[in-house]
Amino acid sequence: MNQVELINVSKSFDKQQDILNDINLSIKKGEFFVLVGPSGSGKSTLLRMIAGLEDITDGIIKINERAVNHLPPKDRNLSMVFQNYALYPHLTVEQNILFGLRAKKVNKQEQQKRLNETCQMMEISNLLKRKPKELSGGQRQRVALARSVVSEAPLCLMDEPLSNLDAKLRAHMRIEIKRLQKRLGLTMIYVTHDQVEAMTMGDRIMVLNNGRIQQVGDPITLYNKPANLFVASFIGSPKMNMGKAVFSDQHLIIEDDLHLPKESIKSAMISETKNITVGIRAEHILPAEDSGVTHELTVVNVEQLGNETLISFEIGKELWTAKWLGQWNVHTGDKLPVHISADNISFFDSNSGRLLEASSTEKEEVLAI
Amino acid sequence: MNEVAIQSDGVATPDFKKIKKKQQLIRFLKGILFLMPSIILFAVFLFYPLIRTIYLSFFLTDASGSTTVFVGLDNFINMFSSPVFRKSMQSTFLFVIFTVPGTVLIGLFLAILANEKLKGIGFFRTIYSSTMGISVAAGSVFWLFLFNPTMGWLNEILNFFGIEAIGWLTDPSWALLSVSITTIWMNLGFIFLILLGGLQSIDSYLYESAEIDGASYFYKLRRITIPMLSPTLFFVITVSLINAFQTFGQIDMLTSGGPQNETNLIVYSIYQEAFMNYQYGTASAQAVVLFVIILVLTFIQFKLGEKKVHYQ
Amino acid sequence: MKIPLRRKVIFYILLVVSAFLVFAPALIAFMMSFMTNQDIMSGKLIPTTITFDNYLAVFERFPLLNYLLNSFIVSIVIMIGQLMLSSLAAYAFVFMEFKGRNFLFFVFISTMMVPFEASVIPNFQTIRDLNLIDSYAGLTLPYFAMAFGTFLLRQNFKQIPKELKEASEIAGMGHFKFYLSVVLPMAKTSLITLGVYGFLTSWNMYLWPLLATTNDSVRTVQIGLKQLQTQEQLNEWGVIMAGGIIVVIPTLILLFLGQKRLQQGLAEGAIK
Ligand SMILES: Nc1ncnc2c1ncn2[C@@H]1O[C@H](COP(=O)(O)OP(=O)(O)OP(=O)(O)O)[C@@H](O)[C@H]1O
Ligand SMILES: [Mg+2]
């Protein structure tokens with residue numbers, strides 16, 4: 001059953017046209033759905049349209065199979081968590097959590113019951129009498145979550161709820177939110193500009209850019225089969241290595257620099273396309289020891305992360321990065337033998353940006369697990 | 001399954017355009033509801049009187065203020081040819097020239113003094129702003145004594161230095177100046193408070209970086225304080241101008257417009273014409289003039305204020 | 001920032017001298033109000049004997065208490081009226097979206113261009129025709145709507161994050177409830193500032209009470225003071241000054257308490 005459905009939805013502001021274009025989307029009940037995209041891509045706008053805080057210029061939004069275009073937020077039976085938490089500074093934590101229930105005139109007993117349950121779940125029972133400014137960032141975040149949980153609305157919207165927290169707390173809250181969502185069976189629409197957050201939390205992810213859907217799919221699909229160049233470079237860290245490529249008689253030449261034997265590329269469709277961009281993930285530029293040297297590349301930068309090592313090379317005008325597990329004693333300027341296989345390369349049409357063929361090995365890796 | 005869904009949609013989907021229109025109307029009505037009390041009172045006590053004043057200025061009236069004869073522009077023609085009114089305009093402008101720069105400069109001086117981070121500065125701030133809490137009537141009474149020709153302190157001081165006593169409020173060549181001094185004193189507190197507020201909103205890092213460059217006190221004053229304060233100064237000047245044109249209480253208490261109409265400022269002149277002589281028509285004509293002056297001043301404030309002056 | 005000693009001394013001298021000059025008229029009046037008539041006549045600076053006779057006299061000979069009460073009522077009523085109307089209007093300008101809002105805002109701005117003094121004649125007639133001369137309503141009503149207060153509060157309301165409003169919408173809270181339970185408590189300091197300002201200016205009103213009162217029933221203390229001054233004539237300065245001091249004491253206290261807030265609040269409202 002679809003909890004939320006968007007049909008040909010678009011949005012224009014008075015001052016700015018076409019913020020969102022032709023959005024078609026269905027979100028299933030109980031799904032953790034992540035909206036991700038760069039700043040200004042229209043994520044918040046879309047979320048706010050679902051919430052009823054923003055007018056819908058065109059199209060239909062349905063919640064529970066019912067068109068809700070005309071309904072005010074309160075009649076859409078949803079809750080929302082804001083980036084700055086939107087806690088009322090003059091109210092105590094308890095009053096903040098009960099704010100919505102009081103506005104809806106839920107009876108006192110029910111209020112108390114839900115308050116107790118929620119506070120126990122969120123572990124904030126000892127904070128009830130404090131004001132928001134007497135709380136740490138993480139505690140505020142919890143109160144904001146509690147306010148949303150206590151409403152018992154089946155649909156929960158979150159707009160970058162973790163962006164004000166430090167990295168450690170963010171990682172922790174990611175898990176906590178995800179667990180909460182599963183436990184309560186909520187349908188979650190979660191906005192973030194952070195692809196790591198999207199990948200780690202989402203059952204499904206929608207990538208948005210310039211008000212257009214780039215791709216919708218589960219995290220692994222987005223990673224392995226990015227529908228276009230934008231998704232390819234947006235999803236994954238470090239970013240996918242890209243380069244322009246042309247065919248010579250025997251070779252595929254990337255950025256006038258790297259040569260790969262042509263016969264290793266099977267698809268005929270690729271050879272027919274004029275302008276090709278290739279992409280390869282950092283973990284697929286392998287240390288040569290394992291499987292024979294294909295190229296010798298000059299190291300321009302090394303980042304030691306402890307459990308892995310990021311090594312950068314200059315390929316034509318592009319900077320490529322390799323990610324090697326473990327600690328490697330390499331230095332800037334070294335000539336490093338590496339192994340690059342054509343199987344690991346994804347091909348895109350440079351003009352349209354569309355994916356021509358995804359790398360082939362990755363599927364096997366996933367299946368092997 | 002699909003077909004059924006589409007069918008039921010066709011029934012269930014309401015006409016959003018229509019609903020949107022209705023919601024807009026409701027939003028409009030709610031907004032108006034919040035503004036209604038203010039709008040009604042503005043209409044009754046501000047806009048209606050404005051129109052009514054202009055209307056009255058074309059008529060002669062009886063003692064109760066009802067119109068009797070339409071006289072066209074006669075009220076205005078008579079007014080501008082009347083030496084009394086011309087004197088009144090002249091006094092008003094002189095008064096403005098005396099009081100506005102006086103108030104602003106002294107207020108600025110005090111604000112700059114009181115902006116210094118010194119011990120006990122709070123006390124001085126309170127003192128300097130105190131005249132804001134002293135009403136026109138009380139202030140006039142205080143100064144009435146100071147101006148008193150025989151016992152007043154001002155003449156006693158002159159006497160001490162061997163200078164002849166001055167008829168502060170009775171001598172035509174001194175009266176307007178005396179009233180101006182009183183007015184400067186009365187308005188000082190308010191102007192001081194606003195300027196101090198403006199000074200305190202200047203970011204202190206500006207001064208700190210100048211300090212590191214070794215700038216002198218007066219250099220900082222000229223290059224940082226005054227330019228950064230310019231929007232506030234501008235506001236304060238306009239407010240003082242408008243206040244000066246509307247001065248009434250101290251005239252009524254100190255001089256009643258005398259001697260020889262020297263201090264017959266425009267609002268006092270309107271008051272006399274309307275409520276002493278019952279000439280509502282001519283009084284209204286004068287009020288129209290006052291309105292035009294204020295209109296122009298406020299308009300200049302808005303036009304220039306938009307640009308937020310930051311003279312370097 | 002450290003201030004050099006030499007400059008410190010100069011500043012203190014300037015501060016003290018200016019303070020003395022600014023406060024002198026009030027100080028002299030204060031001292032005179034405790035002087036006997038003889039002391040005043042002989043031009044003494046400091047009273048030889050301190051007497052409260054002047055204060056007793058002014059209360060005895062004059063319905064001063066009555067005037068004070070009137071002023072108090074009038075000022076409080078105007079203050080509350082202004083706070084209510086200004087905050088409602090400011091709320092609409094900040095939190096409500098509707099057609100014509102910008103136009104209405106322009107109307108509010110334009111009221112700043114109409115000086116009350118220039119419209120005093122029709123206002124007098126209106127109040128007279130409504131039979132409100134010599135009534136609290138007649139004294140206060142014209143002052144309820146206030147563009148300056150609306151702007152000041154609008155500035156302040158704008159600082160309330162709009163997410164708070166949106167959260168309340170999702171919770172299903174209406175405008176009026178949000179205004180009462182969130183906006184007003186959050187803007188408390190600005191409301192106090194505006195209240196103090198409104199009280200001060202109302203207490204000190206002169207022209208309108210002069211026109212709108214004809215007898216002692218609702219006459220305010222400012223007009224009372226004018227009468228005191230004209231009736232007592234020149235010989236009894238001590239009594240007049242006692243009257244003057246009594247008139248300024250409530251406002252001075254209020255000002256001393258609220259000086260800091262006023263200064264911040266007014267600067268905020270004055271310059272966006
Ligand atoms: N009220 C508005 N009027 C006009 N344009 C707007 C308005 N609100 C948003 N926009 C524009 O719509 C576009 C999308 O904004 P939106 O807030 O949805 O971006 P976002 O994806 O949430 O970005 P971020 O990650 O920075 O929050 C932006 O270009 C923004 O300038
Ligand atoms: Mg956003």
Side-chain angles (χ1 to χ4, degrees), chain B residues 24 27-28 30-31 34-35 37-38 41-42 45-46 49-50 52-53 65 110 113 116 118 124-130 132-138 141-143 145-146 151 153 156 193-194 196-198 201 211 231-232 235 246 248-249 253 267 274-275 280 283-284 287 290-291 294-295 298, chain C residues 1 8 11 14-15 18-19 22-23 25-26 28-29 43 85 88-89 91-92 96-101 104 111-115 117-119 121-123 125-126 142 144-145 175 200 203-204 206-207 211 222 225-226 229 237 240 244 247-248 251-252 255-256 259 262-264 266-267 270-271:
Chain B
Q24 262 176 5
R27 279 219 298 265
F28 175 76
K30 278 186 184 163
F34 274 68
L35 294 172
S38 293
L41 287 179
F42 276 141
F45 292 110
L46 221 68
L50 178 65
R52 176 84 184 159
T53 304
L110 294 180
L113 275 187
E116 216 64 33
L118 293 168
F124 292 104
R125 287 180 186 166
T126 309
I127 294 291
Y128 297 156
S129 58
S130 65
M132 192 187 166
I134 294 175
S135 67
V136 167
V141 164
F142 297 169
W143 281 87
F145 172 75
L146 296 177
M151 292 180 296
W153 277 40
E156 298 232 326
L193 263 191
I194 291 187
L196 184 62
S201 63
E211 194 92 336
T232 319
F235 171 80
Q246 300 185 41
F248 173 79
M253 297 272 299
V267 176
F275 301 105
Y280 290 101
S284 294
L290 175 62
F291 169 70
I294 304 276
L295 183 76
T298 344
Chain C
M1 260 189 284
K8 231 183 208 172
F11 267 115
L14 288 174
L15 280 167
S18 318
V22 169
F23 210 55
I28 292 168
L85 266 60
L88 279 171
Y91 180 89
M96 301 173 97
E97 255 170 59
F98 53 92
K99 267 219 176 78
R101 191 182 72 167
L104 285 171
T111 62
M112 306 252 264
M113 301 192 192
V114 187
E117 275 71 6
S119 35
I121 296 167
N123 277 337
Q125 293 174 341
T126 306
F144 280 8
H175 278 297
L200 279 181
W203 183 271
N204 293 344
Y206 188 84
L207 176 57
L211 295 175
Q222 308 298 338
L225 193 60
K226 174 191 157 78
Q229 179 241 322
W237 278 106
I240 299 177
V247 168
V248 300
T251 39
L252 278 185
L255 188 71
F256 292 168
Q259 185 249 110
L262 259 186
Q263 154 207 326
Q264 285 160 357
L266 292 180
I271 322 118

Below 4.5 Å from any heavy atom of chain B, which atoms of [X] appear? Answer side chain, backbone, both or neither.
{"X": "C:Leu104", "result": "side chain"}
{"X": "C:Phe256", "result": "both"}
{"X": "C:Leu252", "result": "both"}
{"X": "C:Leu255", "result": "side chain"}
{"X": "C:Thr111", "result": "both"}

Residue selection (most heavy-atom pairs with chain B, distance under 4.5 Å) from [options]:
{"options": "C:Ala92, C:Ser18, C:Gly100, C:Ala29", "result": "C:Ser18"}
{"options": "C:Val247, C:Thr126, C:Leu200, C:Leu14", "result": "C:Leu14"}
{"options": "C:Leu225, C:Leu262, C:Thr251, C:Ile28", "result": "C:Ile28"}

I'd like to verify something: which residue of [options] has the highest number of heavy-atom pairs under 4.5 Å with chain C?
{"options": "B:Val136, B:Leu146, B:Ile134", "value": "B:Ile134"}
{"options": "B:Ser284, B:Ala287, B:Gly249, B:Ser201", "value": "B:Gly249"}
{"options": "B:Phe275, B:Phe291, B:Phe28", "value": "B:Phe275"}
{"options": "B:Leu290, B:Leu295, B:Leu113", "value": "B:Leu113"}

Shortest non-hydrogen contact between [X] and [Y], atoms and distance:
{"X": "B:Leu118", "Y": "C:Lys8", "result": "CD2-CG, 3.4 Å"}
{"X": "C:Pro115", "Y": "B:Ile294", "result": "CG-CG1, 3.6 Å"}
{"X": "B:Leu41", "Y": "C:Phe144", "result": "CD1-CB, 3.3 Å"}
{"X": "B:Tyr128", "Y": "C:Leu15", "result": "OH-O, 2.7 Å"}
{"X": "B:Pro49", "Y": "C:Asn123", "result": "CG-OD1, 3.2 Å"}

[atom1] of [X] to [atom2] of [Y]: how many Å apart, nearest 0.5 Å?
{"X": "C:Met112", "Y": "B:Thr298", "atom1": "CE", "atom2": "OG1", "value": "8.5 Å"}
{"X": "B:Met253", "Y": "C:Gln229", "atom1": "CE", "atom2": "CD", "value": "4.5 Å"}
{"X": "C:Glu97", "Y": "B:Gln24", "atom1": "CD", "atom2": "CD", "value": "10.5 Å"}

*Could you check whether the rings of B:Phe34 and C:Tyr91 sit parallel, tilted or perpendicular, using 30° and 60° as the cut-offs?*
parallel
*Under 3.5 Å, is there a donor-acceptor pair linking the side chains of B:Ser135 and C:Gln222?*
yes
*State, yes or no, whether a side-chain contact exists between B:Phe45 and C:Val114 at a heavy-atom distance under 4.5 Å.*
no
*With a 4.5 Å limit on heavy-atom distance, are the side chains of C:Ser119 and B:Leu50 in contact?*
no
*Report yes or no: does B:Tyr280 contribute a side-chain atom to a donor-acceptor pair with the main-chain N or O of C:Pro122 at less than 3.5 Å?*
no
_Whether the side chain of B:Arg27 engages the backbone of C:Met96 through a donor-acceptor N/O pair (distance < 3.5 Å, no angle test) should be reported._
no
*Side chain, backbone, both or neither: which part of B:Ala283 has a non-hydrogen atom closer than 4.5 Å to chain C?*
both
*Contact part of B:Val141 toward chain C, heavy-atom cut-off under 4.5 Å: side chain, backbone, both or neither?*
both
